[in-house]
Amino acid sequence: MNFYATKDPIKYEGPSSTNALAYRWYNPTQKVMGKTMAEHLRFAVCYWHTLCWPGTDPFGGETFNRQWHHAADPMEAARMKADVMFETLRLLGVDYFTFHDLDIAPEGNSLKEFNSNVTAIANIFESKMAKSGRKLLWGTANMFSNRRFMAGAATNPDADVFAYCAAQVKHCLDVTHGLGGENYVMWGGREGYETLLNTNIGQELKQAGRFLSLVVEYKHKIGFKGPILIEPKPKEPTKHQYDYDTASIYGLLKSYGLENDVKLNLEQNHAILAGHTFEHEIALASALGIFGSLDINRGDYLLGWDTDQFAMNIPEVALTMYEILKAGGFTTGGMNFDAKIRRQSIDPDDLLHAHVGSMDASARGLLIAAKMIEDGKISKAVDARYAKWNEPQNMAMLAGKESLDEIATRVHKSGLEPQPKSGRQEYLEGILNSYI
Ligand code: XUL
Ligand code: CO
């Protein structure tokens, strides 16, 4: 299918290139701290924004007029989208893609028909993947678009919806497993509520915990090796969403005993909707041992909703990459472009410019973050702040070897008087800017 004006794969041409569709910084084979850029960044193109969204907004209709949105046969449209996805990966030189079941195939008139449509397209993927060497970063089930999910998926007051969701996720996880998917994602867009007047929170949380446990049990049953990833978001579409942020999900995982099987897929725009920075969410997930993967995008700081723009702000991306490197890098995770072009960007090649720009910003961010780590000035300053914790007495205190009254006795005996030290924030911000 002829979709893009660009026909040849986009290449690395270096920072001085004047070609608008060339990588200036993303050089997949370039080594950074012992790994290639491709190994560090593990980019993925997402189906939903790239191929399914027609450019609508709450006040206006379709602007993109993609051919497949006007095909008479929905399976023919699905096959066109599959062709364009693999053409996008080829042109960008990106290894991974991601999808919701509903992105890749039409629902039909029953779950049985939906499952068989999903399987038919997955079979097409399988042969395209074998030919091209492209891979699936993750699959996920769309349990928020159809009206049956209007009051939630697993947390729906109607037990029939819970059971339906179990059947839908089972198939989507089977398909993801069959395609060698490296993770399986669950974003609970409607797992929340609009008003407490019609909601039993305690009951809904029990359902959420049971559903997640069922998915984890099934993952082990079929030998799916990758983690289940929950994607936090505080609101939109629901007013209050249970998977609010890293901290609240950690609490839920602990209470269900699932903290070793489930990790997080963190998204920049969701972090800022929750009142956090992206790097805060990554650093916290890493400290709690539940960091998994990223949906890389950018929210608008003036708007209270999920604008899902392509990440282009290099200093911000550098701070993201710094936390990723400190966390030890990705294992099964990667950087999924859960990002959409603006609805006025109606030329097919705008999709390529968006990905290339954001991949270059990520590569620059990676290089800056590597400098931050290798130079070590920032981490030295942090280590110095905590240095006293390495003294044997204080190590014992932290390890629980002293009781509150024993510590109090010691403090009185020694006449201990804490001496405040500078946090040196502006010094550190200056150091950071020297790397950018
Ligand atoms: C919604 C969102 C989803 C998830 C997958 O805000 O980010 O697209 O990434 O369901
Ligand atoms: Co997302």
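We count ligands from 1, going down the list as the structure has it; atoms in each ligand are counted the same way.
- With respect to the salt-bridge test (charged N to carboxylate O, under 4.0 angstrom), the residues K170 and D174 qualify.
- A salt bridge between R298 and E316 is absent, with no side-chain N of the basic residue lying under 4.0 Å from a carboxylate O of the acidic one.
- Looking only at its N/O/S atoms, D338 has OD2 as the one nearest to the Co ion (ligand 2).
- Under 4.0 Å is where a charged nitrogen must lie from a carboxylate oxygen, and between E87 and K128 no such pair does.
- Using modelled atom types and a 3.5 Å distance limit, the side chains of H49 and D308 yield a donor-acceptor pair.
- Residue-environment remark: CZ (R342) exceeds the threshold of 12 foreign heavy atoms within 6.0 Å.
- With the Co ion (ligand 2) at the apex, D295 OD2 and E231 OE2 define an angle of roughly 110° (rounded to 10 degrees).
- Within 4.0 Å of ligand 1, the residues that place a heavy atom are W48, H100, W187, E231, K233, E267, H270, D295, D306, D338, listed by chain and number.
- D308 lies apart from the Co ion (ligand 2) in this respect, since none of its N, O or S atoms is found at a distance under 2.8 Å.
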Step by step, would you call F310 with H355 a ring-ring contact (aromatic ring centres under 6.0 Å, His included)? CA-CA 7 Å; F310 277 84; H355 284 88; 4.9 Å; yes
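- Summarising the geometry, atom OG1 belonging to T88 is positioned 11.5 Å from atom CZ belonging to F97; distances are rounded to the nearest 0.5 Å.
- When T176, T98, N265, T332 are each tested for a side-chain hydrogen bond (donor to acceptor under 3.5 Å, both in side chains) with N183, only one passes: T332.
- The N, O or S atom of E267 with the smallest distance to the Co ion (ligand 2) is OE1.
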